[in-house]
**Q** 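Let me give you the structure first, and then I'll get to my questions.
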Amino acid sequence: NGLLCYKGEYHLLYQHNPYGVKWGNMHWGHAVSTDLVHWQELSEAFYPDHLGTCFSGSGVVDWHNTAGFQTGEEKPLICIYTSAGERFTQSLAYSNDRGRTWRKHSRNPVLEHIAGHNRDPKVIWHHPTSRWVMALYLDRDEYALFSSPDLRDWTRLCDLKLPGCSECPDFFP
């Protein structure tokens, strides 16, 4: 879900059920490593809430504090994930202490339900346009791209049909 690197430490944030091996009750776990081989598990990053359980997404470092979450010296680590409730929406959680504690954005969801079980936001910073870009699975073979100046307000850029693909989109500059 959210693999990111900040100050020489890799953060792996992952969707899982901490109470068993069966599907359901999805949380985001968190582990850190300095070499991508040896990992230390940390406390759960975040838990289900009134918007639903926590499905897949991605993690970023907000180097320019575009979302306005930074409170101290550390740059905010931000996770963009699917809140999988009655209607699937996209939400944010952030950390100002190198991922040791996480807080959900008070105005979640940041992207309302669009279609089907829209989920699995993949977000990158697009340097040439100074904005965030999100790829989002919508339904069947349908995807959409969105942009945002601040990770909170999203504009739909275009729709894509990718036959033979499903879920968890990824893309690269």
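FYI, side chains are in, hydrogens and waters are out, and symmetry mates aren't considered; it's all heavy atoms of this structure. We're numbering straight along the sequence, starting at 1.
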**Q** Using the rule that two of Ile, Leu, Val, Met, Phe, Trp, Tyr join whenever any of their side-chain heavy atoms come within less than 4.5 Å, decide whether L162 and L138 are in one cluster.
**A** no
**Q** Between N17 and G24 (side chain of the first, backbone of the second, donor and acceptor by atom type, cut-off under 3.5 Å), is there such a pair?
**A** yes
**Q** Measure the shortest side-chain to side-chain distance between T82 and Q90 over non-hydrogen atoms and say whether it is less than 4.5 angstrom.
**A** yes
**Q** Among L4, T66, L151, which residue satisfies the side chain to side chain contact (heavy atoms under 4.5 Å, CB included) criterion with V60?
**A**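 Going through the options one by one, the only one that passes is L151.
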**Q** Please report the shortest heavy-atom distance between G99 and S95, naming the atom on each side.
**A** N-OG, 2.8 Å
**Q** Heavy atoms, side chains only, cut-off 4.5 Å: are D120 and K122 in contact?
**A**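 Answer no - side chains too far apart.
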**Q** May I ask you to decide if the ring planes of Y6 and W63 are parallel, tilted or perpendicular, using 30° and 60° as cut-offs?
**A** tilted
**Q** According to the interplanar angle, ranging from 0 to 90°, do the rings of W28 and Y81 count as parallel (below 30°), tilted (30 to 60°) or perpendicular (above 60°)?
**A**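 Answer is tilted, since the angle falls between 30° and 60°.
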**Q** Would you give the length of the straight line joining atom NE2 of H11 to atom CG of N1, rounded to the nearest 0.5 angstrom?
**A** 15.0 Å
**Q** Can any side-chain N or O of D35 pair as donor or acceptor with the backbone N or O of H38 at less than 3.5 Å?
**A**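 Looks like yes, one N/O pair under 3.5 Å.
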**Q** Under 3.5 Å, is there a donor on one side chain and an acceptor on the other for S91 and S83?
**A**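 Yes.
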**Q** Between I114 and W154, is there a shared hydrophobic cluster once you connect ILVMFWY residues whose side-chain heavy atoms come closer than 4.5 Å?
**A**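 Yes, because I114 and W154 connect within a single hydrophobic cluster, where side-chain heavy atoms sit under 4.5 Å apart.
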**Q** Do E167 side-chain atoms and P169 backbone N/O form a donor-acceptor pair below 3.5 Å?
**A** no
**Q** Using atom types as modelled and distance alone, determine if a side-chain donor or acceptor of T89 lies under 3.5 Å from a backbone N or O of P109.
**A**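 Checking the backbone N and O of P109 against the side chain of T89, no donor-acceptor pair under 3.5 Å is found.
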**Q** Please check if the side chain of H27 supplies one atom and the backbone of C54 the other of a donor-acceptor pair under 3.5 Å.
**A**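 No, the answer is negative, given that no donor and acceptor are paired below the 3.5 Å cut-off.
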**Q** State the CG-CG distance between L12 and L36, to the nearest 0.5 angstrom.
**A**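 So the gap between those two atoms works out to 9.5 Å.
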**Q** Look at the side-chain heavy atoms of Ile, Leu, Val, Met, Phe, Trp and Tyr, link any pair under 4.5 Å apart, and say whether L160 and L157 land in one connected group.
**A** yes
**Q** Apply ring-ring contact (aromatic ring centres under 6.0 Å, His included) to the pair H105 and F69, showing each step before the final yes or no.
**A** CA-CA 9 Å; H105 180 39; F69 293 141; 5.2 Å; yes
**Q** If you take all heavy atoms of L77 and R98, which pair is closest and at what distance?
**A** CD1-C, 3.7 Å
**Q** Measure across M26 and T53 and return the closest heavy-atom pair with its distance rounded to 0.1 Å.
**A** O-CB, 3.7 Å
**Q** Transitively linked via ILVMFWY side-chain contacts under 4.5 Å: L13 with L92?
**A** no
**Q** For Q15 and S56, test the side chains for any donor-to-acceptor distance below 3.5 angstrom and give the result as yes or no.
**A**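 Their side chains do contain a donor-acceptor pair, which is all the 3.5 Å distance test asks for.
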**Q** Using the six-membered ring wherever Trp is involved, compare the ring planes of F55 and W23 and label them parallel, tilted or perpendicular (cut-offs 30° and 60°).
**A** perpendicular
**Q** Under a 3.5 Å distance rule, please check whether S58 uses its side chain to pair with a backbone N or O of V123 as donor and acceptor.
**A**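 Pair found, side chain donor or acceptor close to backbone of V123.
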**Q** Minimum heavy-atom separation for A45 and H30, please, with both atom names.
**A** CB-CB, 4.2 Å
**Q** Quick one: closest heavy-atom pair of I80 and M134, and the distance?
**A** CG2-CE, 4.2 Å
**Q** Hydrogens and angles aside, do Q40 and S33 bring a side-chain donor and acceptor to less than 3.5 Å of each other?
**A** no
**Q** Is any NZ, NE, NH1 or NH2 atom of the basic residue among D62 and K75 found under 4.0 Å from an Asp or Glu carboxylate oxygen of the other?
**A** no
**Q** Quick one: does N65's side chain have a donor or acceptor within less than 3.5 Å of a partner on Q70's backbone?
**A** yes
**Q** Do the rings of W125 and W132 sit parallel, tilted or perpendicular, given the 30° and 60° boundaries?
**A** perpendicular
**Q** Begin with the C-alpha distance, continue with both residues' side-chain angles, and end with the deciding distance and a verdict on side chain to side chain contact (heavy atoms under 4.5 Å, CB included) for Y94 and C79.
**A** CA-CA 6 Å; Y94 62 95; C79 291; over 6 Å; no
**Q** Does Y19 reach the main-chain N or O of K22 with its side chain, forming a donor-acceptor pair under 3.5 Å?
**A**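 Here the side-chain-to-backbone pair does not exist.
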**Q** Ignoring hydrogens, what is the shortest heavy-atom contact between D159 and A144? Give both atom names and the distance.
**A**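 Taking D159 first and A144 second, the nearest heavy atoms are OD1-CB, 3.7 Å.
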**Q** So, are E9 and R100 salt-bridged, with charged N and O less than 4.0 Å apart?
**A** yes
**Q** Would you call K7 and E74 a salt bridge, taking side-chain N to carboxylate O under 4.0 Å as the test?
**A**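 Yes, this pair counts.
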**Q** Quick one: does K104's side chain have a donor or acceptor within less than 3.5 Å of a partner on Y47's backbone?
**A** yes
**Q** Linking I/L/V/M/F/W/Y whenever any side-chain heavy atoms sit under 4.5 Å apart, do Y14 and W39 land together?
**A**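 Yes.
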**Q** Taking the side chain as everything from C-beta on, heavy atoms only, tell me whether Y10 gets closer than 4.5 Å to T34.
**A**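 Sidechains of T34 and Y10: no contact.
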**Q** Between H113 and F88, is the ring centre distance below 6.0 Å?
**A** no
**Q** Atom CZ in R152, atom CG in L111: separation rounded to 0.5 Å?
**A**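 So the CZ of R152 and the CG of L111 are separated by 14.0 Å.
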**Q** Does the side chain to side chain contact (heavy atoms under 4.5 Å, CB included) test come out yes or no for N118 and D139, once each step is laid out?
**A** CA-CA 6 Å; N118 54 205; D139 198 26; over 6 Å; no
**Q** Keeping R131 on the side-chain end and T129 on the backbone end, is there a donor-acceptor pair under 3.5 Å?
**A**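 Looks like no, no N/O pair under 3.5 Å.
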